[in-house]
Amino acid sequence: MAESYQNIAIRKNLISKETVLVPKKTFGSVPINVALVYPNTYTIGMSNLGFHSIFYQVNSRDDALCHRAFFSLKNSIDDYINTLEADKPINEYDIIGFSISFELDYINILKILDTMGIPLSSKERQGPLIMAGGPALTCNPEPLADFIDFFVIGEGEEIIHEIIKTYREHKSSSKDEILEALAQIEGVYVPQFCNVDYDETENVADIKTHPKAQMPVKRRWIKNLDDYNTESVILTPYTEFKNMFLLEVSRGCGRNCRFCMAGYCYRVPRQRSLDKVLERAEYGARFMQKIGLVGAAVSDYPFIDKLAEELIKSRIKFSVSSLRADSLREPLMAALAYSGHKTLTVAPEAGSERLRKVINKGISEEHVVNAAKLARKFGIKNLKLYYIIGLPYEKKRRYRRNDRVFSGFEKYF
């Protein structure tokens, strides 16, 4: 199967516009070659800091390289899934790692394997090894258990080094022996070593595990975020954040909103130190016009006011991934205005106090109104509100407007 001329042209154009901030490595120049695949478009994948982070961690090693591939470089599946860096089919790599953020991308993984002639069932494959991780799989890996050789449960910056080391030590062994060794790593889940029996109602009746497999699998998480730089390592104009150097300031959230995966998959909430964030922001400002601060709720970052003031002093403009209406204060708003923000976005999620209590949002109408007043005070003229449609316990009601009677949902009023 040959790659189309159109895809070759797209690939060359993408690479020519990238600024890569990690050393480039040639395929086959090191013992272990990893193809890191994002099962969606290039534009979406290159907006994902977790994808950047694993790419950097593998390439920081002397014994391994990591090249990128995507389900699509445009809007439909490519004729051939080749890596950008080497233009090599992903099935020529030792490990194929999937980074998965969304459940809707599960089907794309199967399409990729099928397109490359790789057997879908893990039991029918001998190589390459198929690894998968990301928020969706940390939450629930079971929908893909028949197709993936091993999962990373939790955060990957630390565990990926243990995986590469273990694989190198057992590379000449059989697949089962390699998986047995990998199953000893905390945070690695090998489905074939776990047999689940169901009762007549499809509930789990019994779980039998391999003697060498860990059960339950413990989620891995980074204790000190300052130990790892989670930031943009490849800059490209073909993402939603094309003018930004993305920089993670915090991970996890202690707010416990009931609808949010981040609050449950990434506990305990952790923050990078102010000095570390300022150091990396100054580094990123050498390459991009603006710094994108990333976190589950950036306005909850305990040093956000001081950070905002210091960035202004350094003439560094920035944007934020998310804000909470109940933790907005003037220093942050002043800095956002300085950075050219035209719109303030907050998420009440529901239009009534009752429903916000149902989902444990913890934001009042007063918080939202105060956010609007702050935006106006600092010249930010647009306010965007996010709502969830279809929450449990919504109630229909009738209301009157201009002498006409309408039917709607309580959450909106």
Pairs of donor and acceptor atoms involving the side chains of residues 92-103, under 3.5 Å and at least two apart or interchain, shall be tabulated with distances.
residue, atom, partner, partner atom, Å
Tyr93, OH, His67, ND1, 2.8
Tyr93, OH, Thr83, OG1, 2.8
Asp94, OD2, Asn33, N, 2.8
Ser101, OG, Asn48, ND2, 3.0

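A salt bridge is absent between Glu349 and Arg258: the closest approach of a Lys/Arg side-chain nitrogen to an acidic carboxylate oxygen does not fall below 4.0 angstrom. Electrostatic pairing of Glu177 and Lys171 does not count as a salt bridge here, judged by no charged N lying under 4.0 Å from a carboxylate O. A salt bridge between Arg168 and Asp63 is present, with a side-chain N of the basic residue lying under 4.0 Å from a carboxylate O of the acidic one. Using a cut-off of 4.0 Å between Lys/Arg side-chain N and Asp/Glu carboxylate O, Lys306 and Glu310 are scored as salt-bridged. Salt bridge Asp300/Arg255: present, at least one basic N to carboxylate O contact under 4.0 Å. One finds no salt bridge joining Lys357 and Glu353 here, because no Lys/Arg side-chain nitrogen approaches an Asp/Glu carboxylate oxygen to under 4.0 Å.
With rounding to the nearest 0.5 Å, the separation of OG in Ser314 from CD1 in Ile312 is 10.0 Å. Atoms CG and NE2, on Leu36 and His52 in that order, are 10.5 Å from each other to the nearest 0.5 Å. Atom-to-atom distance recorded for His367:NE2 and Asp326:CG is 5.0 Å, nearest 0.5 angstrom.
Of the listed residues (Val298, Leu323, Leu307), just one forms a side chain to side chain contact (heavy atoms under 4.5 Å, CB included) with Leu332, and that residue is Leu323. If you run salt bridge (charged side-chain N to carboxylate O under 4.0 Å, His left out) between Glu155 and each of Arg270, Lys223, Arg220, only Arg270 comes through.
For the ring pair (Phe, Tyr, Trp, His ring centres under 6.0 Å) test, no residue two or more places apart in sequence or in another chain qualifies with Tyr266. Evaluation of the side chain to side chain contact (heavy atoms under 4.5 Å, CB included) rule for Thr26 yields Ser29 as partners, not counting sequence neighbours.
No side-chain donor from either of Arg329 and Ser299 sits under 3.5 Å from a side-chain acceptor of the other. For Gln57 and His161, the side-chain atoms include at least one donor-acceptor pair closer than 3.5 Å. Using modelled atom types and a 3.5 Å distance limit, the side chains of Asn82 and Asp87 yield a donor-acceptor pair. Neither side chain, Glu240 nor Thr43, offers a donor N or O lying under 3.5 Å from an acceptor on the other. Inspection of the Ser364 and Arg356 side chains reveals no N or O donor paired with an N or O acceptor under 3.5 Å. Counted by atom type alone, Tyr42 and Thr239 present zero donor-acceptor pairs between their side chains at under 3.5 Å. Using modelled atom types and a 3.5 Å distance limit, the side chains of Ser273 and Asp275 yield no donor-acceptor pair. Checked by atom type, the side-chain pair Arg272/Asn224 shows no donor-acceptor distance below 3.5 Å. Remark: the Glu142 side chain and the Tyr189 side chain contain an N/O donor-acceptor pair separated by less than 3.5 Å.
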TODO: Output, in order, the C-alpha distance, side-chain angles, deciding distance and verdict of side-chain hydrogen bond (donor to acceptor under 3.5 Å, both in side chains) for Thr201 and Asn203.
DONE: CA-CA 6 Å; Thr201 61; Asn203 291 318; 3.0 Å; yes
TODO: List the steps and the verdict of side chain to side chain contact (heavy atoms under 4.5 Å, CB included) for Tyr38 and Arg68.
DONE: CA-CA 8 Å; Tyr38 197 87; Arg68 295 163 294 146; over 6 Å; no
- [ ] Output, in order, the C-alpha distance, side-chain angles, deciding distance and verdict of side-chain hydrogen bond (donor to acceptor under 3.5 Å, both in side chains) for Asp105 and Asn40.
- [x] CA-CA 7 Å; Asp105 288 340; Asn40 209 301; 2.8 Å; yes
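Ring-centre distance between Phe287 and Tyr283: below the 6.0 Å cut-off.
Val277 is not listed as a side-chain neighbour of Phe303, based on a closest heavy-atom distance of 4.5 Å or more.
In this structure a side-chain-to-backbone donor-acceptor pair under 3.5 Å is present from His170 to Thr166. Judged by distance alone, the side chain of Asn382 and the main-chain N or O of Thr343 form no donor-acceptor pair under 3.5 Å. One N or O on the side chain of Gln184 and one on the backbone of Glu180 form a donor-acceptor pair closer than 3.5 Å.
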